[in-house]
There are 2 protein chains.
Amino acid sequence: MRTGERRPTLADVAAQAGVSTALASIVMREAPGASAATRRRVLEVAEQLGYHPDARARLLRSGRSRLLGVVFGVQHAFHGDLVTGLYDAAEDLKYELTLSAVTERRGERRAIQALLQDRCEALIVLGPQSSTASLAALSARLPVVAVGRGLRHRALDVVRSDDVLGLHLAVDHLVALGHRRIVHIDGGRMPGAAERRRGYREAMRRHGLDDEIRVVPGGPTGEDGAAAVSLIRDLPTAITVFNDLASTGVLDALRRAGVSVPEDVSVIGYDDSRLARLTYLDLTTIAQDTASMTTLAVTRALARIEGEKVPQRELVIPPHLVPRGTTAAL
Amino acid sequence: MRTGERRPTLADVAAQAGVSTALASIVMREAPGASAATRRRVLEVAEQLGYHPDARARLLRSGRSRLLGVVFGVQHAFHGDLVTGLYDAAEDLKYELTLSAVTERRGERRAIQALLQDRCEALIVLGPQSSTASLAALSARLPVVAVGRGLRHRALDVVRSDDVLGLHLAVDHLVALGHRRIVHIDGGRMPGAAERRRGYREAMRRHGLDDEIRVVPGGPTGEDGAAAVSLIRDLPTAITVFNDLASTGVLDALRRAGVSVPEDVSVIGYDDSRLARLTYLDLTTIAQDTASMTTLAVTRALARIEGEKVPQRELVIPPHLVPRGTTAAL
DNA sequence: ATGAAAGCGCTAACAG
DNA sequence: CTGTTAGCGCTTTCAT
C-alpha cells in the first residue's frame, strides 16, 4: 500500500518550490524572514508532497531537544491522571513530552536510560522507585523532578501532595460529623504511608482524641484492607484507610460482617481514584490536586533547564476532601 | 548541580581512548570488527565519561529510526497491559517502542502526528478511535496495525480478540455447570459488544437454549451494569456481562437485592481486568490473550516494515475463561 | 583491525 | 528577503 519512494525531505520541498533549503526551513518553522508569497508557495508544495519535518534532524542540528522525559508506571491508574495533566501543562510551552513506561519487566533504570538516549533536557519521574542516591547522581546530568514521592536530597526537585494534611482533612471531616472513635488502616512501607499515619495521629491529638488513636497495620491492596478489618478489636464508628483500593477491601469486609456503611461505620479512602468514583462504591476520599502537581512539575523542570534560581526544592501541594456516600453523621 | 560542560560525544570517547570515531562506533553498537582490547578500552572510557549515544544522530545517519510508534489511552487500564506486552515483544528485536498517549484533551490525531515526526517506521494503535478511512489514509505513509478493534479495510492490519468465541466460552462454562436460564447484559455500541452479543446468541442456540435467549441493554460502566439488573424481569440463574466494570455494578445491584452470588446467580465478566482479580470480587471472567496479541502486533508491524507478504490482514486471537468465585454449579 | 572521509536532514551564521 | 556555507553526532563505505 505504501509507495516505495522515500519520504520527502526539506530539500525536496525547497527544490520543488524553487527556493533554497534555508528559506524553506525558515518557512517550515514559522521563523521571520520570508515573503508571504514564498511562504505560501513552500507550504503549498510541502502539503502536496506530504512533507513532515524530521524531528530528529531538526533537534540534532539545533543542539537542543526541547524534550521533557516522563517516567511513569503504565499499570498505575494514578499515573495516567498525572500524565494527562503533564500533557496539558506542556501544551503551550514549546516543549514536547516523551514517555517511557515502567512495567514489571522493564525497570525504572531502563525507562530512564531510553529517555537519556533521546536527549531529554529534563526528567520528570512519577513515583520514583530508584534510590535517592541514584536519582541524585542522575541530576548531575540533567534536572530531575520527582513527583509524588518525598525524596530528600538537595539535588532533587520534588513535587508531592501533602499527605499529612490529607489525613488532617479526613479526621477533621469525621470529627465534624460527630465521630470520635476513629481507626486508621495503615499503608505499611508504601510511599506516603508514614505521612498519612502521622497526619492521622496529629489530627486526633489536635481534637483531644489521644486515647482513641488506633493504627492498624494494612497495605495498599484490597486484600490488605480486608485483612486489616479482621484485626480491629472493637468496631469504631469511622475508619480512615491508606488508599482507595484498600478501602474497597475494607468496605467488602465490613459488609460481609454485617456492618452497614455509612450507617454503622464511616469510611474514608485516599486518592480519589476511578474506583472511588464508581457510583455503587461512592467512596468519600482525599483527592490529590493532580492539575497543580503536574503544572508545577513542568514549570520546575523548565526553570531548571533555563538555569533559573528556584527558592525551594520541594513543592508540597494541599489535597482536598471529596465527600461522598461512605461518610455520615453519627 | 549540573556541570556546565556539554555531554560527551562519541568523538570525545574515541579521542580519549586513542581510536577513531568509526572504531568507537563499532564498539558502541556491538558490531563485529574490533579487537577485544580496543573494545574494553573504549567501553571503559565511555563509562568513565558518562557517555550515552545520541539516539537521534544515530538514527539520522542510519536512515532508519527502528522505532515502533504506539498510540494508547493512558487512562485505559487494559491498554496498560497491552503496552507492557508490547515492550516484552519488542525486547529482543532491535526496535524501540515510542509511546504517544491519548488523553481527554489530546486526541488520537495529535498522538499520531507526534509519532510521525519521530519517524516511526510503523504505528501500533491500541483501540483506535479514528475513522477507518483516516487510518487507511495513514497506512499509505507507513504500516498501521490496529489492536483490539475490528476495522475492516484492506490497507489495515488488525489484531483483536475473538469476542464471539469469548461468549461461547462463557455460555459453555455456565451450561456445563447446569445453567439454562442465562441472561446477557449488553455493551451497547462499544467495540466488541456486537460480537459478544452474537457469541452469546450462537452459543445459546448451539445448546438448544433458543427460548432462553435474553439480551438486556447495558453499557461499559458500573452504573450501566447496575441499571441493567433492574431491567431483568424474572431472575435467571446466570448472567454474562459485557465487561468486568459493568459486572461490578451487576454484583452490587444483586447484592442489594438480596441475591447471593454464586449461590443464587452466577456472573461472568469480560476482560480479566485488575478489578476482576480483586480477591473480594473474585470475578469469573473471559481473559483476552494480551501476550499473543501484543507479540503478533509487533511481529506484523515488522513484517510490514520488511515488506514481507502476509497472508491475512486480520489476526483473531482466542480468549480464555478464567474461572473464579462468581460462578457455581446449579 | 583500524582510520579517513562522506553525508543523513536539518538549522544557524553569515553574505548578498 | 534570499542563498551559501558549515556543521550537529553519528554510521557507513572504502581504504589501509
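Just so it is clear: chains get the letters A, B, ... in the order the sequence lines come, proteins before strands, and each one is counted from 1.
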Please write out the pairs of protein N or O atoms and N or O atoms of nucleotides 14-16 of chain D separated by less than 3.5 Å, giving the distance to one decimal.
none

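- The residue from A:L68, A:D81, A:V147, A:L126 that alone fulfils the side chain to side chain contact (heavy atoms under 4.5 Å, CB included) condition with A:L86 is A:L126.
- Shown here are the side-chain contact (heavy atoms from CB on, under 4.5 Å) partners of B:A303, two or more places apart in sequence or in another chain: B:E308, B:V310.
- Rounded to whole Å, the distance from CZ on A:R119 to C1' on D:dC10 is 11 Å.
- The side-chain contact (heavy atoms from CB on, under 4.5 Å) check on B:A89 picks up B:T295, B:V298, with sequence neighbours excluded.
- Along DNA chain C, the nucleotide nearest to B:A57 and the one nearest to B:L23 differ in position, and the one closer to the 5' end is contacted by B:L23.
- Distance A:R56 CZ to C:dG7 P: 23 Å, rounded to the nearest Å.
- The base of D:dG9 does not come close enough to the side chain of B:R61 for any donor and acceptor atom to sit less than 3.5 Å apart.
- Closest to the side chain of A:T9, out of C:dC10, D:dG9, D:dT4, is C:dC10.
- Side-chain nitrogen and oxygen atoms of B:S20 include at least one within less than 4.0 Å of the OP1 or OP2 phosphate oxygen of C:dG3.
- An OP1 or OP2 oxygen of D:dC10 is reached within less than 4.0 angstrom by no side-chain nitrogen or oxygen of B:S25.
- If you run salt bridge (Lys or Arg N to Asp or Glu O under 4.0 Å) between B:E314 and each of B:R152, B:R300, B:R154, B:R149, only B:R152 comes through.
- When each of C:dC8, C:dA12, C:dC10 is scored by its nearest atom to the side-chain atoms of B:L60, the top-ranked nucleotide is C:dC8.
- The nearest whole Å value for the distance from the CG atom in A:L10 to the C1' atom in C:dT11 is 9 Å.
- For A:R58 against C:dG9, no side-chain N or O and base N or O form a donor-acceptor pair under 3.5 Å.
- Checking A:S62 against A:R58 by side-chain atom types alone, no donor-acceptor pair falls below 3.5 Å.
- Taking atom CZ of A:R64 as the reference point, atom C1' of C:dC10 lies 17 Å away to the nearest angstrom.
- As a whole-Å value, the separation of A:L59 CG from D:dC10 P is 15 Å.
- An angle of 30°, rounded to 10°, separates the two end axes of the helix from C:dA1-D:dT16 to C:dG16-D:dC1, each defined over five pairs.
- Nearest nucleotide to the side chain of B:Y51, out of D:dG3, C:dC10, D:dC10: D:dC10.
- Looking at residues two or more places apart in sequence or on another chain, you find a side-chain contact (heavy atoms from CB on, under 4.5 Å) between B:A301 and B:A122, B:I124, B:V145.
- Enclosure of atom CZ in B:R64 by more than 12 non-hydrogen atoms of other residues, nucleotides or ligands within 6.0 angstrom is indicated.
- At a non-hydrogen distance threshold of 4.0 Å, A:G33, A:A34, A:S35, A:T38 from residues 26-50 of chain A come into contact with DNA chain D.
- Between A:R66 atom CZ and D:dC8 atom P there is a gap of 20 Å when expressed in whole angstrom units.
- B:S100 contributes atom OG, which lies 8.5 Å from atom CZ of B:R110 (distance to the nearest 0.5 angstrom).
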